[in-house]
Student: 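Below is the structure I would like to discuss, written out as C-alpha cells.
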Amino acid sequence: MFNTIIVQPILNLLIFIYALLPGHDFGIAIIIFTLIVRILLWPIIKKQLYHTKKLRELQPEIKKIKAAAKGDRQKESKMTMELYKERQVSPFATIGLTLLQFPILIGLYIGLEHLIRDPHQLMTATYPFVRNLPWIQTLGHNISLFQPNFLHIVDLNKAVIGTTGVWYLPALVLAFLSAAAQYFQGKQLMPTSADGRGLRQILRDASSGKKADSGEMQAATGKFTTLLIPFFVFFITLRLASALTLYWFVSGAIAYWQQARVLNADEEAMEKIGDAPAPAKASGKTSGKPAKVIEGEIVATPAKPSKSASANKAKKRSKKKGRR
C-alpha cells in the first residue's frame with residue numbers, strides 16, 4: 001500500500017522529469033523534482049511559517065506573562081494559551097509539515113534504492129505513459145546508457161563511505177552541504193534571545209538547586225537541537241547514496257529561501273498568508289483595545305462612556321430635581 005500510494009508516484013515523477021530533460025542528467029532531474037515538491041507543499045509551508053513568525057513576535061508578551069504568574073505554572077500555561085487564542089496562533093502548527101515530509105523522504109529513498117540496484121525498474125516500475133517515452137524506450141533496449149550522475153562529476157549511486165571503506169569525496173561535499181543547509185534552516189526559525197542561558201549552564205545551575213525557567217529551558221533546548229540535527233543529518237548521509245543526499249541539500253536550500261521570503265514579509269501580507277480572521281468587534285462593555293497583563297490576569301481596557309450617554313444622564317438628573 002505504501003509502495004502504491006507513495007513510492008511509485010514519487011519514482012514515476014522523477015523518471016518522467018529525467019526522461020524529458022535534455023541531456024538526461026539524473027542529478028538535475030532530482031533538483032527539479034525537489035523544486036516541484038517544495039512548490040506543491042508551498043500552501044502548507046506558508047501556514048507553518050505564518051504561525052512561526054507570530055510565535056516569535058509574541059515572545060516579549062510571553063515573558064510578561066511569566067513575570068505576572070510568579071512561578072505558578074498552571075496559571076502561566078492558562079494565560080499563555082489565552083494569548084495564543086486571542087492572537088489566532090497555534091503553537092503546534094509547525095509539526096504538520098515535518099510529518100508530511102517524512103513519507104516523501106522515505107518514498108524517495110526506497111525508490112532510488114530500487115532504481116540504483118536494478119535499473120530495469122525504469123521499465124517495470126513505471127506507469128505506461130512514462131514507459132512509452134522515447135528515452136525510456138531507448139534504455140529498455142540498452143540499459144547501460146542509464147548513468148545516475150550529476151553534471152558528469154558526481155556518481156549519485158555512491159555513498160560517502162562505500163562497502164570497501166573508501167571515502168568518496170564528492171559525496172562528502174554533498175553531506176557537508178546538507179548538514180549546513182539544515183543548520184541555517186533551523187537557526188532561521190529560532191527566536192533571537194541575547195540574554196538566554198545555554199543548556200549546559202541551566203543544567204549546571206539546576207544541580208546546585210536553582211530552578212530553571214520553563215521558557216528559558218525550551219529556548220536552550222531548541223538551540224541545542226539546532227546544532228544536534230545537522231550532525232545527525234551528516235552522519236546519516238555518510239551511508240546513503242549521493243542521490244538522496246543531493247535531494248536533502250536542495251530541499252534545505254529551497255526551504256531556507258522560502259523561510260526568508262515569508263518571515264521577512266510585512267504584517268499585512270502575513271495576515272493574508274495565514275488567512276487570519278478579523279478581530280471581533282468591540283461590544284458595549286469593552287472598547288476593543290488589546291488586553292493587558294495586570295498582576296497575573298489578562299483584562300480588557302474598559303470602554304469610555306460616549307458623549308451622548310453623558311448628556312442623557314444629565315437630562316435625567318435635571319428632571320428628577322424639577323419633580324422634587
Student: Do any N or O atoms from the side chain of Tyr168 and from the backbone of Asp155 form a donor-acceptor pair under 3.5 angstrom?
Tutor: yes

Student: Which atom pair, heavy atoms only, marks the closest approach of Leu139 to Leu145?
Tutor: CD2-CB, 3.6 Å

Student: With a 6.0 Å cut-off on ring centres, are Phe26 and Phe146 close enough?
Tutor: yes

Student: So, Thr237 side chain and Thr245 main chain: donor-acceptor pair closer than 3.5 Å or not?
Tutor: no

Student: Would you say the side-chain atoms of Asn12 pair up with the backbone N or O of Ala125, donor to acceptor, closer than 3.5 Å?
Tutor: yes

Student: Check whether Gln137 reaches the backbone of Arg131 with its side chain - one donor and one acceptor, N or O, closer than 3.5 Å.
Tutor: yes

Student: So does Leu21 get a backbone contact from the side chain of His24, meaning a donor-acceptor N/O pair under 3.5 Å?
Tutor: yes

Student: Would you say Asp25's side chain and Leu151's backbone share a donor-acceptor pair under 3.5 angstrom?
Tutor: yes

Student: Closest heavy-atom contact between Val160 and Ala175?
Tutor: CG2-CB, 4.2 Å

Student: Return yes when atom CZ of Phe2 has more than 12 non-hydrogen atoms of other residues, nucleotides or ligands closer than 6.0 Å, and no otherwise.
Tutor: yes

Student: Run through Thr34, Val37, Ile6 and flag the one making a side-chain contact (heavy atoms from CB on, under 4.5 Å) with Ile104.
Tutor: Val37

Student: Measuring from atom CD of Gln258 to atom CD1 of Ile39, what distance do you get when rounded to the nearest 0.5 angstrom?
Tutor: 8.5 Å

Student: Got a donor-acceptor contact below 3.5 angstrom from the Asp118 side chain to the His114 backbone?
Tutor: no

Student: Just wondering, more than 12 heavy atoms not from Tyr127 lying within 6.0 Å of its OH?
Tutor: yes

Student: Would you check if the side chain of Ser242 reaches a backbone N or O of Ala159 as a donor-acceptor pair within less than 3.5 Å?
Tutor: no

Student: Hydrophobic cluster membership, with links at side-chain heavy-atom distances under 4.5 Å among I/L/V/M/F/W/Y: are Trp257 and Trp42 in one?
Tutor: no

Student: Parallel under 30°, tilted from 30 to 60°, perpendicular over 60°: which one fits the rings of Tyr256 and Phe184?
Tutor: perpendicular

Student: Determine whether a donor-acceptor pair (N or O, by modelled atom type, separation under 3.5 Å) exists between the side chain of Thr124 and the backbone of His120.
Tutor: yes

Student: Consider only side-chain heavy atoms of I, L, V, M, F, W and Y, link residues closer than 4.5 Å, and tell whether Leu11 and Phe129 are in one cluster.
Tutor: yes

